[in-house]
Amino acid sequence: MRRFKSQYFSTVLAALLLLTQTMWAQQSEKRPRLIVKNARLFTMAEGRKDVFTGYLIVDEDGRLTAVAAGDPPANLTAEQTWDAGGHWILPGFLSAHSHLWQAAFRGIAADKTLPGWIDGLYNQKASKASPEDFYWFTLDGALDHLQHGITSAYDFSYGSTNWGHCTGVECDKLTYKAELDSGIRFVHGFQQDRISDTDTPAMAMGRLKLFMDWLGTQPKSTQLLSVMLNGGTSFNETYQQAVAEKAMMDAFHIGNQSHYLEPPDTVAAERAKFKWFEDSGLLGPTLYFGHFIHPDDAILTKVAAAHSGMSWNPLSNGRLASGVADIPKYLKMGIRVGMGVDGEASADIADPFENMRTGLYAIRDKYEDATVMSPYQVLYLHTMGSADVMGVKDKLGSLEPGKYADFLVVDPKRFGTVFDPYASLVLIAGEPDLERVYVGGVLKVDHGKLLGQDYDKVLAESAKRSAATMQ
Ligand SMILES: [Zn+2]
């Protein structure tokens with residue numbers, strides 16, 4: 001009996017020892033990636049408008065496990081601990097509407113509105129570029145976004161069977177590679193074919209399937225947020241476009257962002273196509289409109305009821321003289337609103353601070369009222385608002401436990417006396433104040449320098465290749 005007991009206890013002891021060792025091993029494996037302490041935190045979390053001094057903890061997968069006031073637990077160690085010295089931390093910006101490749105064509109068609117600008121950029125230049133050219137163009141744009149504090153973007157890729165030399169799945173593959181190589185998070189906007197008598201819905205579906213099948217063979221990355229369709233209903237003269245897009249969305253469970261009601265030139269014709277969005281079933285929570293400057297009240301009411309959204313792109317809208325979207329009215333009606341910097345060929349630098357100010361001031365001018373939109377509201381739209389329309393508000397847009405640790409560090413020393421921290425951040429901050437950019441708790445930009453990237457080479461390749469399209 002005694003021998004049985006002692007055997008029993010030694011077995012239990014051995015098991016306990018093993019368990020303790022395993023737990024210890026797991027714990028040391030699971031040491032946080034990063035602790036940032038002594039930061040002024042602008043979390044943008046719902047119901048958390050107060051700015052407070054505290055810390056954040058990032059786990060080994062790049063997600064936040066704590067965002068709290070005060071000091072981190074004294075016994076907690078991490079791979080890296082950084083004292084922010086009271087500097088300001090906010091979520092990385094999301095651009096709900098970007099054409100990353102357009103960075104190679106900044107400053108183009110400076111005196112043109114949208115139709116002339118499209119002709120100058122797409123027909124005369126980009127149509128001559130190859131898939132490899134688009135790799136460098138896209139990398140150029142993605143790094144410009146990242147350097148300015150945009151850590152996630154919806155990227156309208158270029159390729160389709162209808163335009164130029166960057167066609168077919170090859171164009172999407174090289175664009176995808178550039179998006180990935182940049183280190184940014186992204187929605188890959190798939191450029192589907194323009195449906196016509198010669199380009200049938202079945203062909204468009206087949207090309208999307210080729211890309212999705214290829215994507216399935218690629219290593220999984222948390223940088224890829226989703227694939228969506230670059231909707232073309234407002235560009236096409238046939239209802240079949242909308243029907244084909246809905247079929248593709250259903251087949252692959254993907255969303256859609258459609259350019260709609262951007263230029264003032266074609267308002268009546270585009271409004272008349274709204275019924276195509278309705279009748280095809282495109283209108284719904286997985287659809288959002290790009291620009292959406294000129295809807296009438298009937299359209300707005302239906303968009304709100306369908307829980308569709310829109311991306312407001314004020315820098316680009318101003319540059320192209322497209323008009324001012326009535327954002328306060330959209331918000332009052334319950335439309336979901338995000339913000340985008342658009343492509344750098346119409347923005348012309350991917351700076352979210354400039355984008356917020358341009359938008360805020362355009363709205364205040366429109367209403368001749370300085371209370372119609374606040375600095376906090378516009379910051380919310382460029383973070384949580386964009387995350388919402390991009391379908392990733394469970395992962396991004398605010399600093400909260402469980403979300404990705406994508407955040408920016410701003411040095412407030414130029415701001416002087418702070419009367420209202422959101423006002424200082426939105427009305428004053430710009431490129432010189434952006435001290436650090438983190439994606440998943442990994443430092444990507446330090447005082448304007450892109451880490452792990454040969455940015456000079458990217459700029460040189462991009463410039464050389466865009467110059468070649470001038471021939
Ligand atoms: Zn666009």
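The first residue of the sequence shown is numbered 1, and numbering continues consecutively from there. Each ligand, and each atom within it, is numbered from 1 in the order the structure gives. None of these values were measured; they are calculated from a predicted model.
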*By residue and atom, what protein N/O/S atoms are less than 2.8 Å from the Zn ion (ligand 1)?*
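The answer is His97 NE2, His99 NE2, His259 NE2.
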
*Are Lys49 and Tyr376 in a cation-pi contact, defined as NZ or CZ under 6.0 Å from the six-membered ring centre and within 45° of the axis?*
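Relative to the ring axis of Tyr376, which defines the angle, Lys49 lies inside both limits.
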
With a 6.0 Å cut-off on the ring centroids, do [X] and [Y] count as close?
| X | Y | value |
| --- | --- | --- |
| His148 | Phe353 | no |
| Tyr122 | Trp101 | yes |
| Tyr158 | Phe137 | no |

*Please determine if Arg465 and Asp140 form a salt bridge, counting it only when a charged side-chain N lies under 4.0 Å from a carboxylate O.*
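No.
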
*Are any of the side-chain nitrogens in Asp326 or Lys332 under 4.0 Å away from the carboxylate oxygens of its partner?*
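No, this pair does not count.
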
